[in-house]
Amino acid sequence: MSTPKRFGNIIGGEVVDATETTLNINPSNTDDVVGEFAQASLTDLNAAIAAARSAAPGWAATTLGVRHDILRRAADEVLRRKDELGALLSREEGKTLSEGIGEVTRAGQVLGFFAGECLRTGGELMPSVRAGVSVEVTREPLGVVGVITPWNFPVAIPAWKIAPALAYGNAVVFKPAELVPASAWELVDILQRAGLPTGTLNLVMGSGAVLGQALIEHTDVDAITFTGSVPVGRGIAAACVTGPTMKKMQLEMGGKNPLVILDDADLDTAVECAVNGAYFSTGQRCTASSRLIVTEGIHDRFVEMLCDRLEKLTVDDALKSGTDIGPAVSAEQLKKNLAYIDIGLDEGATLRRGGKRLTREHNGHYLEPALFVDGNNNMRIAREEIFGPVAVVLRARDYDDALAIANDTEFGLSAGICTTSLKYATDFRNHIRSGVAMVNLATAGLDFHVPFGGTRASSYGPREQGRYAVEFYTTVKTSYIAAG
Ligand code: NAP
Ligand code: MG
């Protein structure tokens with residue numbers, strides 16, 4: 001085995017090596033080391049925050065033309081290198097190559113979108129209620145934004161946080177998930193070379209519990225944007241409000257997303273939505289539909305057809321052509337998925353297919369896509385986010401029953417319905433308590449130019465992406481002007 005390439009943190013425009021490092025392991029082949037990545041110390045973190053702090057005023061004063069050009073150049077490089085970066089992403093995270101390339105493409109599109117969007121940050125001029133006074137409402141950057149991201153979208157989520165942060169004039173300290181530092185490193189490197197001034201964007205790699213926690217507690221950080229699990233999100237929220245500086249925060253968290261399938265659904269559409277939503281990307285999506293809520297009349301036919309379709313899926317090395325589903329991201333995640341198979345069986349659900357560990361040419365974290373039937377919505381497999389290729393079918397009497405089951409969850413990220421009835425589709429969009437509603441589409445798979453986020457335990461704070469991102473990454477100033 002050749003010596004893996006070593007990557008340092010990126011602080012104040014310099015690549016900074018560290019005494020401690022971690023190996024980035026390919027989940028499709030655990031003998032394959034993607035690289036050796038520096039672990040930032042608390043001293044490194046403080047240096048990164050100080051660099052961002054001193055860069056922030058200069059960056060906020062940079063002309064919009066300069067900001068636009070930098071983001072546009074970065075977008076172009078990401079898109080030009082999508083095959084190479086997609087392969088790197090799939091190698092470190094385990095989603096299939098086409099999913100990896102698709103995610104990189106999306107990151108490029110997001111960068112391009114915000115290149116344009118920074119030119120459109122207008123304000124408002126309003127009359128005052130007082131004579132001789134006018135009111136101007138303008139948007140200003142927040143200062144230093146801490147970006148904390150999960151492992152399941154190693155480049156798209158960092159891009160959709162970092163691009164608007166920079167577009168609206170903020171400096172950034174970015175801590176990616178420990179499992180997937182390679183895509184994060186490439187993204188920061190591309191943005192640096194696109195012309196960002198020194199210290200505007202800093203990358204610190206390391207553990208959430210130590211480095212992430214220190215980042216959220218640091219008094220020189222003005223805001224935190226986080227995507228990850230609910231327990232970590234809750235802790236971040238508490239730290240942001242109890243700290244002396246009361247940080248602005250945006251939290252995007254988990255889901256237990258329902259896909260409702262009604263008797264009048266087109267069966268092929270319903271099965272495709274279920275396969276895509278529940279199993280693609282190895283079920284490791286916050287928008288995955290892990291609860292399949294199916295009405296009586298179509299239930300048995302749907303389950304039969306879904307099982308036939310699952311039989312045909314190829315679970316293998318993420319980079320191999322023909323692979324439909326890659327491995328779990330880590331041994332720990334695979335263990336968690338297998339534990340939920342046991343939990344479902346203990347709770348009395350029927351494991352209709354899958355759920356066994358698979359061996360392939362190389363040693364990886366492979367799991368046969370699992371489908372439970374005869375479940376009910378009180379079971380842990382129907383209430384807790386598993387984050388693996390595991391779904392449970394819940395039988396519903398009729399539409400009203402299905403909607404009630406769909407809404408009976410602490411989460412509210414994405415939800416879908418398969419039906420040919422305009423009446424039910426409309427009622428569902430009106431009454432489902434989620435941030436995203438899909439009709440005859442998988443619960444996952446979102447456009448890059450529209451808002452994204454959820455309700456209840458799935459999200460906290462302003463929406464991400466599209467024009468709505470401006471709400472989080474800027475603060476509003478109201479100026480009153482009278483003739484002197
Ligand atoms: P996680 O364990 O919550 O970690 C997310 C990030 O937070 C990682 O960078 C992690 O560092 C860091 N972190 C952990 N403890 C921290 C602390 N005390 N202070 C500050 N940062 C800390 O989530 P994950 O396992 O990476 O990702 C899976 C979760 O993300 C799922 O719940 C999924 O639903 C959610 N997700 C949500 C969305 C959405 O948009 N709503 C999108 C994708 C994923 P480490 O690298 O050390 O773990
Ligand atoms: Mg984690």
Side-chain angles (χ1 to χ4, degrees), residues 96 99 255-285 287-316 322-326 328 337-338 340-341 344-345 347-356 358 366-377 379 381-382 385-399 401-403 405-406 414-421 424-425 428 438-445:
T96 65
E99 290 170 334
K256 193 69 192 177
N257 309 292
L259 176 68
V260 168
I261 292 150
L262 297 186
D263 286 356
D264 67 10
D266 178 86
L267 202 50
D268 290 323
T269 303
V271 169
E272 276 322 297
C273 288
V275 168
N276 178 332
Y279 299 103
F280 285 0
S281 298
T282 324
Q284 297 175 154
R285 292 188 286 191
T287 47
S289 29
S290 47
R291 293 186 297 145
L292 307 173
I293 304 168
V294 188
T295 49
E296 300 276 9
I298 198 170
H299 179 281
D300 293 356
R301 278 180 298 143
F302 169 77
V303 168
E304 202 61 43
M305 234 175 110
L306 179 55
C307 286
D308 286 350
R309 182 76 173 76
L310 292 179
E311 286 308 323
K312 297 192 185 90
L313 293 178
T314 304
V315 181
D316 207 334
T323 295
D324 298 303
I325 296 184
N337 297 344
L338 289 166
Y340 272 107
I341 301 293
L345 290 169
E347 288 177 313
T350 307
L351 185 61
R352 178 63 194 262
R353 83 167 299 284
K356 279 184 280 305
L358 297 170
Y366 299 105
L367 179 69
E368 198 179 9
L371 183 70
F372 279 106
V373 295
D374 305 327
N376 72 61
N377 203 43
M379 292 175 172
I381 54 167
E385 185 182 46
I386 299 172
F387 228 53
V390 184
V392 55
V393 176
L394 307 169
R395 205 184 274 265
R397 283 188 307 278
D398 52 20
Y399 168 73
D401 190 32
L403 177 67
I405 296 169
S414 184
I417 187 166
C418 293
T419 179
T420 49
S421 151
Y424 289 132
F428 184 79
M438 297 285 196
V439 177
N440 295 318
L441 290 164
T443 54

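The CG atom of Asp264 sits 8.0 Å away from the OH atom of Tyr424 when rounded to the nearest 0.5 Å. Rounding to the nearest 0.5 angstrom, the gap separating the CG atom in Leu351 from the CG atom in Asp374 is 11.0 Å. If you take OG on Ser281 and CG on Asn276, they are separated by 8.0 Å, rounding to the nearest 0.5 Å. Here the CE-CG distance, from Met379 to Leu394, works out to 8.5 Å after rounding to the nearest 0.5 Å. Atom CD1 of Ile325 is separated from atom CD of Glu368 by 10.5 Å, given to the nearest 0.5 angstrom. Rounding to the nearest 0.5 angstrom, the gap separating the CD1 atom in Ile261 from the CZ atom in Arg301 is 12.0 Å.
Closest approach of Arg352 and Cys307 over heavy atoms only: CG-SG, 3.5 Å. Here the closest non-hydrogen pair linking Ala396 and Ile293 is CB-CG2, 4.0 Å. Across all non-hydrogen atoms, the minimal contact from Ser289 to Cys273 is OG-O, 4.4 Å. Across all their heavy atoms, Gln284 and Ala328 have their closest contact at OE1-CA, 3.3 Å. The heavy-atom pair separating Ala265 from Ile298 by the smallest distance is O-CD1, 4.0 Å. Residues Gly388 and Asn337 share a closest heavy-atom pair of CA-OD1, 3.6 Å.
Counting heavy atoms from C-beta outward, Ser290 and Val390 have side chains that stay 4.5 Å or more apart. Side-chain contact between Phe387 and Thr282: absent, with no pair of heavy atoms (C-beta onward) separated by less than 4.5 Å. Inter-residue side-chain proximity for Ile405 and Asp401 is flagged as met; some heavy-atom pair is nearer than 4.5 Å. You'll find the side chain of Val271 stays beyond 4.5 Å of the side chain of Asp308, heavy atoms only. Within the 4.5 Å cutoff, the side chain of Val315 has no heavy atoms near those of the Tyr279 side chain. Residues Asp300 and Arg395 have side chains in contact (heavy-atom distance under 4.5 Å, counting atoms from C-beta outward). Taking 4.5 Å as the limit, some side-chain heavy atom of Ile386 sits within range of a side-chain heavy atom of Lys256. Inter-residue side-chain proximity for Ile417 and Leu262 is flagged as met; some heavy-atom pair is nearer than 4.5 Å.
Using modelled atom types, one side-chain atom of Glu385 and one backbone atom of Gly255 make a donor-acceptor pair closer than 3.5 Å. In this structure, the side chain of Thr323 does not engage the main chain of Gly326 through any donor-acceptor pair within 3.5 Å. Judged purely by atom type and a 3.5 angstrom limit, Asp263 uses its side chain to pair as donor or acceptor with the backbone of Gly297.
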Stepwise side chain to side chain contact (heavy atoms under 4.5 Å, CB included) test for Val294 and Val303 = CA-CA 9 Å; Val294 188; Val303 168; 6.0 Å; no
Might you work through the side chain to side chain contact (heavy atoms under 4.5 Å, CB included) test for Val275 and Leu306, ending with a clear yes or no?
-> CA-CA 7 Å; Val275 168; Leu306 179 55; 3.5 Å; yes
Pair Leu403-Val260, side chain to side chain contact (heavy atoms under 4.5 Å, CB included): steps then yes or no | CA-CA 8 Å; Leu403 177 67; Val260 168; over 6 Å; no
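When the shell of 6.0 Å around OH of Tyr399 is examined, it contains more than 12 heavy atoms from other residues, nucleotides or ligands.
Between the side chains of Asn440 and Thr269, no donor-acceptor pair is found at a separation under 3.5 Å.
Arg309 and Asp268 are not joined by a salt bridge, as no carboxylate oxygen comes within less than 4.0 angstrom of a charged side-chain nitrogen.
Every side chain to side chain contact (heavy atoms under 4.5 Å, CB included) that Ser414 has, sequence neighbours left out, goes to Asn257, Thr287, Val436, Met438, Thr443. By the side chain to side chain contact (heavy atoms under 4.5 Å, CB included) test, Thr314 pairs with Asp316, Asp324, sequence neighbours left out.
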